[in-house]
Amino acid sequence: MKEIDDASQGFATRAVRTGHQRTMEGEHGEPIFTTSSFVFQSAAEAAARFAGDEPGNIYARFTNPTVRNFEQRLAVLEGGEVCVATASGMSAILATCMGLMEQGDHLLSSRSIFGSTTVLFDKYLSRFGIQTDYVDLTDVDAWASAIKPNTRLFFVETPSNPLTQLADIAALADLAHAHGCLLAVDNCFCTPALQQPLHLGADIVIHSATKYLDGQGRALGGAVVGDHQTVGEQVFGVLRTAGPTMSPFNAWIFLKGLETLKIRMEAHARSAQQLAIWLEQHPAVERVYYPGLDNHPQQSLAQQQQKAPGGIVSFEVKGGRQAAWQVIDATRMLSITANLGDAKTTITHPASTTHGRLTEEQRDQAGIRQNLIRLAVGLEEVVDIQADLEVGLSGL
Ligand SMILES: *Cc1c(COP(=O)(O)O)cnc(C)c1O
């Protein structure tokens, strides 16, 4: 039988090939195993599987060949030992926290993270005695002074949404380890095609597969990648028991997404770079946020830790909320939606949507102004995206 992975091969090759264990049918494409349980040859085999003495499928809440195929492929691409797939990005974060923390523990998180993640930490984990503090992701000293004796986990999302600020992953990993903590990175915006946090010293990578891993806005899923102990035992234990499981059909979609991940991420970033430069020179635009621009305060860190600056570009138009809304409403092609990581370019007004729950003061602190627009640049022709934006911009 052919190897299911060959470590001497490059990223794109492994993204296409890893993990498929061809069945006796000789299928070329990866099969979808739609079965909830698996049959044993004998009572003794069932006993051995349940006892963990023998590997193999048992029950689809925690063992399914299609899901495993996705897990093996993503683990390889992130450079981790093990991956656990979950029903959504949020359940990946929940399973990580439940697996690695307990009552009385302290969580240290970067401030600008996905909105639902903040709610999970503040409203739900707090009920179980886990307290969260937030720090500026660019300020390593602030992380150092926020550490408490009971701090267990660092959680960071980089680049941040929507202002594309970066955390220095290697520096945060060193700091975490010096204090007996683990570093978890939500790698949703870069994916392993552009950034591999485990190679920079992080312990855990978390994904919302819903975004770029799918890449075409079709399915909800998540994943956690790390080593045998933390992810293979502790996080997997939560998944196996609590059951926020990825469906085999969704796993198959993400498998197909991984096959094109590298060329898609390169294309997203190439178009985003062109749009950022165009917007920067536009007379109706006040400021552009993109790690590939010379005005980005962390451009050199971006070049060190990312293969490309990514697909998210944010910009402030001249004027206030009304001007921003005018540009958004004048588009005919771009999708007005908060989702990202799709072949279709999406346009968002963060201050009234993703960051709408914050008070005006909190938004000011976070730098989310009323004239800010976020683009998640898709795979359309750049000139067509420009033409669609130009309608509103030229009217300002
Ligand atoms: C979307 C998103 C999540 C949550 O993922 P779901 O799949 O929607 O549950 C978490 N983190 C980031 C950065 C996201 O963009």
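Note that ligands are numbered from 1 as they come in the structure, with each ligand's atoms numbered from 1 the same way. Computed from a prediction, not measured in an experiment: that's the story for all the values here.
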Salt bridge check, Arg17 against Asp5: does any charged N sit closer than 4.0 Å to a carboxylate O? no

So that I can tick it off, tell me whether Arg369 and Glu316 are bridged by a salt bridge, with the cut-off set at under 4.0 angstrom between side-chain N and carboxylate O. yes

Aromatic ring proximity Phe121/Phe155, centre distance under 6.0 Å: yes

Would you check whether Thr117 has a nitrogen or oxygen atom less than 3.5 angstrom from a nitrogen or oxygen atom of ligand 1? no

Residue and atom name of the nearest protein heavy atom (relative to atom 6 (P) of ligand 1), distance in Å to one decimal: Gly89 N, 3.3 Å

Starting from atom 4 (C) of ligand 1, find the nearest protein heavy-atom neighbour and note its residue, name and distance. Phe114 CE2, 3.4 Å

Do Phe33 and Val67 come within less than 4.5 Å of each other through their side chains, counting heavy atoms only? no

Which of the atoms of ligand 1 are close to Glu157, meaning less than 4.0 Å from one of its heavy atoms? 13 (C)

Consider ligand 1: state whether an atom of it lies below 4.0 angstrom from any non-hydrogen atom of Gly341. no

Between Lys256 and Glu259, is the closest basic N to carboxylate O distance under 4.0 Å? yes

So if I count the atoms of ligand 1 from 1 in the order they appear, which ones are less than 4.0 Å from some heavy atom of Thr210? 6 (P), 7 (O)

Distance-only N or O hit between ligand 1 and Met90, under 3.5 Å: yes

Do me a favour and list the nearest non-hydrogen protein atom to atom 5 (O) of ligand 1 with residue, atom name and distance? Ser208 OG, 2.9 Å

I'd like to know if the side chain of His296 pairs up with that of Gln299 as donor and acceptor (distance under 3.5 Å, no hydrogens or angles considered). no

Subset of ligand 1 atoms that lie under 4.0 Å from at least one heavy atom of Gly221: 7 (O)

Among Asn150, Thr132, Ile130, which residue meets the side-chain contact (heavy atoms from CB on, under 4.5 Å) test with His106? Asn150

Count the heavy atoms of every other residue, nucleotide or ligand shown that sit under 6.0 Å from NZ of Lys211, and state whether that count exceeds 12. yes

Which ligand 1 atoms are under 4.0 Å away from a heavy-atom of Asp186? 10 (C), 11 (N), 12 (C), 13 (C)

Provide, to 0.1 Å, the distance between atom 14 (C) of ligand 1 and the closest protein heavy atom, together with that atom's residue and name. Lys211 NZ, 2.9 Å

